[in-house]
Number of protein chains: 2
Amino acid sequence: MEQEHDIRLSLSLEDLGFNAENDSNKRKSSKKYYNEDGTKVFLSKNAGSERKRKQRLNTKLFMLWSLVPMVTNMTKESIFNDAITYIKKLKDEVKSLTQELQAMEPKEKFKERAEPKIEVQVEKMDGNKLWVKMIFENKRGGFKKLMETMNDLGLEMIEANVTTIKGAYLITTFIKGMGGQRLDVHQVKHLLQDIIKII
Amino acid sequence: MEQEHDIRLSLSLEDLGFNAENDSNKRKSSKKYYNEDGTKVFLSKNAGSERKRKQRLNTKLFMLWSLVPMVTNMTKESIFNDAITYIKKLKDEVKSLTQELQAMEPKEKFKERAEPKIEVQVEKMDGNKLWVKMIFENKRGGFKKLMETMNDLGLEMIEANVTTIKGAYLITTFIKGMGGQRLDVHQVKHLLQDIIKII
DNA sequence: ACCCACACGTGAGGC
DNA sequence: TGCCTCACGTGTGGG
């Protein structure tokens with residue numbers, strides 16, 4: 001009952017990193033490898049390397065075990081079982097995640113498209129407002145993304161008149177800066193052109 | 001040199017499903033378990049169960065190996081190594097997929113929100129057109145989703161007048177069915193209410 | 001007492 | 001030849 005209780009799998013942390021070259025103490029089996037006069041019993045040359053090999057295998061088993069979160073037992077067989085079920089679980093997880101990702105991927109697809117024909121006209125009005133007329137292809141969600149982007153940029157559409165001709169939006173609206181910021185005509189024009197391009 | 005070459009890991013498919021109870025042939029070791037007179041050498045009772053245990057372990061090892069796609073060697077140690085690296089790879093994959101999923105998750109979040117105050121008014125016009133007035137909270141992307149959904153349902157917005165008062169959309173538009181379908185006033189009204197609710 | 005899980009040494013086969 | 005890998009039987013400790 002000294003400290004011989006944890007040597008079911010006779011590997012510890014020492015077996016992982018450093019073997020510490022101690023073939024010395026701590027052998028589970030107290031088999032008679034020594035004659036009663038103290039002389040060693042003959043061991044085939046394999047014995048040593050074979051012991052090392054088994055230690056390597058157990059080390060690998062331990063590494064495998066350390067990777068698996070859900071552990072039932074410390075026995076070799078249950079380590080295998082846990083690892084197996086864990087791999088299956090991980091596989092399922094990857095599978096479901098990928099298809100879940102692909103399911104919402106198409107919503108991002110409209111980013112990559114041929115450049116639509118667009119027309120942007122910007123005129124300065126009184127106050128700090130701009131009058132804007134835009135024509136661009138009627139891509140699904142185009143107007144929404146336009147508004148989102150403009151909102152992100154601090155452009156507020158005050159009176160928007162949206163007409164959907166077949167295959168195109170026609171939008172006329174007033175625009176003003178949200179924080180009372182001054183708006184430059186050409187800047188806004190190019191901005192809107194860029195926005196519409198990436199819609 | 002008969003057929004003794006594949007018994008490195010002396011497990012086959014038979015070890016997986018059915019053990020086929022054949023303790024008979026095919027033992028690798030030709031150790032002398034029989035005396036020269038043909039009588040069996042004494043074996044401790046452990047021998048049989050221990051052999052079974054090792055077969056179980058090898059079976060598990062084989063199952064583990066069968067789960068791992070990339071296999072370098074058939075040796076025990078490389079099976080361990082492959083399984084270990086494979087688990088790590090799967091872990092990384094799951095990790096990256098989940099965070100990639102979470103990165104585009106927020107765009108879906110506006111599905112779950114408190115019910116906004118809405119107002120929908122529908123009037124019948126000449127021909128098969130309806131006049132619609134809608135007021136609902138100015139949630140980001142609301143108008144886009146409205147148009148998408150209406151498009152999906154075969155409702156075409158002919159002349160849309162969109163006004164963004166602070167915190168709300170005010171939309172007046174004519175609507176007609178895309179395929180020349182007849183539109184019922186109350187049906188369209190409830191439809192629009194439902195659409196706006198889920199926006 | 002029994003059973004189980006393990007490490008060990010050993011002989012055999014493959015490279 | 002030698003080295004590596006494996007299955008086998010055995011002894012041992014824990015439950």
Side-chain angles (χ1 to χ4, degrees), chain A residues 1-12 14-15 19-20 22-36 39-62 64-65 71-83, chain B residues 1-12 14-15 19-20 22-36 39-62 64-65 71-83:
Chain A
M1 295 301 182
E2 300 84 358
Q3 51 180 8
E4 287 266 296
H5 64 288
D6 60 345
I7 329 185
R8 303 283 297 212
L9 285 184
S10 74
L11 43 91
S12 317
E14 56 177 339
D15 290 326
N19 290 32
N22 61 343
D23 51 290
S24 57
N25 52 3
K26 252 193 190 181
R27 287 277 75 89
K28 171 187 177 180
S29 164
S30 60
K31 228 171 176 178
K32 293 293 176 299
Y33 298 123
Y34 293 89
N35 296 327
E36 53 276 2
T39 63
K40 262 196 165 179
V41 167
F42 168 77
L43 299 182
S44 73
K45 287 186 306 177
N46 263 357
S49 54
E50 176 65 11
R51 184 166 51 238
K52 288 295 181 64
R53 174 181 162 267
K54 280 162 186 166
Q55 288 183 2
R56 280 206 320 271
L57 287 181
N58 280 337
T59 302
K60 293 302 168 59
L61 190 66
F62 185 73
L64 191 65
W65 168 83
V71 170
T72 58
N73 260 335
M74 196 51 185
T75 173
K76 278 185 177 179
E77 189 170 1
S78 51
I79 290 180
F80 276 121
N81 285 329
D82 296 339
Chain B
M1 294 297 184
E2 302 85 356
Q3 52 179 9
E4 288 267 294
H5 64 288
D6 60 344
I7 330 184
R8 302 284 298 212
L9 286 183
S10 73
L11 43 92
S12 317
E14 55 176 339
D15 290 325
N19 290 32
N22 60 343
D23 52 290
S24 56
N25 51 2
K26 256 191 187 181
R27 288 275 73 89
K28 170 188 177 180
S29 164
S30 61
K31 229 172 175 177
K32 292 295 174 299
Y33 298 123
Y34 295 88
N35 296 326
E36 54 274 4
T39 63
K40 262 196 166 182
V41 166
F42 168 78
L43 298 184
S44 74
K45 288 185 305 179
N46 269 354
S49 53
E50 175 66 11
R51 184 165 52 237
K52 288 295 182 63
R53 174 180 161 268
K54 282 164 187 163
Q55 288 182 2
R56 282 207 317 272
L57 287 180
N58 280 338
T59 301
K60 293 303 167 61
L61 189 68
F62 185 73
L64 190 66
W65 168 82
V71 170
T72 58
N73 259 334
M74 196 49 184
T75 174
K76 279 185 177 179
E77 189 170 0
S78 50
I79 290 180
F80 277 121
N81 286 329
D82 296 339

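Order of the sequence lines fixes the chain letters, A, B, ..., with proteins taken first and strands second; residue numbering starts at 1 for each chain. In this text the structure is predicted, and so the values were computed from the model without any measurement.
- As rounded to whole Å, 15 Å separates atom P of dA12(C) from atom NZ of Lys45(A).
- Distance from the side chain of Asn46(B) is smallest for dC4(C) among the nucleotides dC8(D), dC6(D), dC4(C).
- Between Phe80(B) and Leu61(B) there is a side-chain heavy-atom pair separated by less than 4.5 Å.
- For Lys60(B) and dC6(C), the NZ to P distance is 12 Å, given to the nearest whole Å.
- Contact annotation: Thr75(A) side-chain N/O to dC4(C) OP1/OP2 distance is not under 4.0 Å.
- Each of Glu50(A) and Lys54(B) was assigned the nucleotide of DNA chain C with the nearest heavy atom; the assignment lying further toward the 5' end belongs to Lys54(B).
- Map Gly48(B) and Glu77(B) each onto its nearest nucleotide of DNA chain D; the residue landing nearer the 5' end is Glu77(B).
- For dG9(D), one of the phosphate oxygens OP1 or OP2 lies less than 4.0 angstrom from a side-chain nitrogen or oxygen of Arg51(B).
- The shortest distance between the side-chain N/O atoms of Lys76(A) and the OP1/OP2 oxygens of dA7(C) is below 4.0 Å.
- For the atom pair CD (Glu50(B)) and CD (Gln55(B)), the distance works out to 11.0 Å, reported to the nearest 0.5 Å.
- The CD atom of Gln55(A) sits 16 Å away from the C1' atom of dT5(D) (whole-angstrom rounding).
- Remark: Asn58(A) CG to Arg53(A) CZ distance equals 10.0 Å, nearest 0.5 Å.
- Separating the CZ atom of Arg56(A) from the P atom of dC6(D) is a distance of 10 Å, rounded to the nearest angstrom.
- Across the protein-nucleic acid pair, Asn58(B) atom CG and dC6(D) atom P stand 9 Å apart, rounded to whole Å.
- Spacing between atom NZ of Lys52(A) and atom C1' of dC8(C) amounts to 15 Å, rounded to whole angstrom units.
- In terms of heavy atoms, Lys60(A) sits closest to Asn81(B) at NZ-OD1, 2.9 Å.
- As rounded to whole Å, 17 Å separates atom C1' of dC6(C) from atom CH2 of Trp65(A).
- What separates CE of Met74(A) from C1' of dG15(D) is a distance of 18 Å, to the nearest Å.
- Annotation for Trp65(B) and Asn73(B): closest pair NE1-O, 4.5 Å, computed over non-hydrogen atoms.
- Phosphate proximity of dC4(D) to Arg53(A): absent, as no side-chain N or O sits under 4.0 Å from OP1 or OP2.
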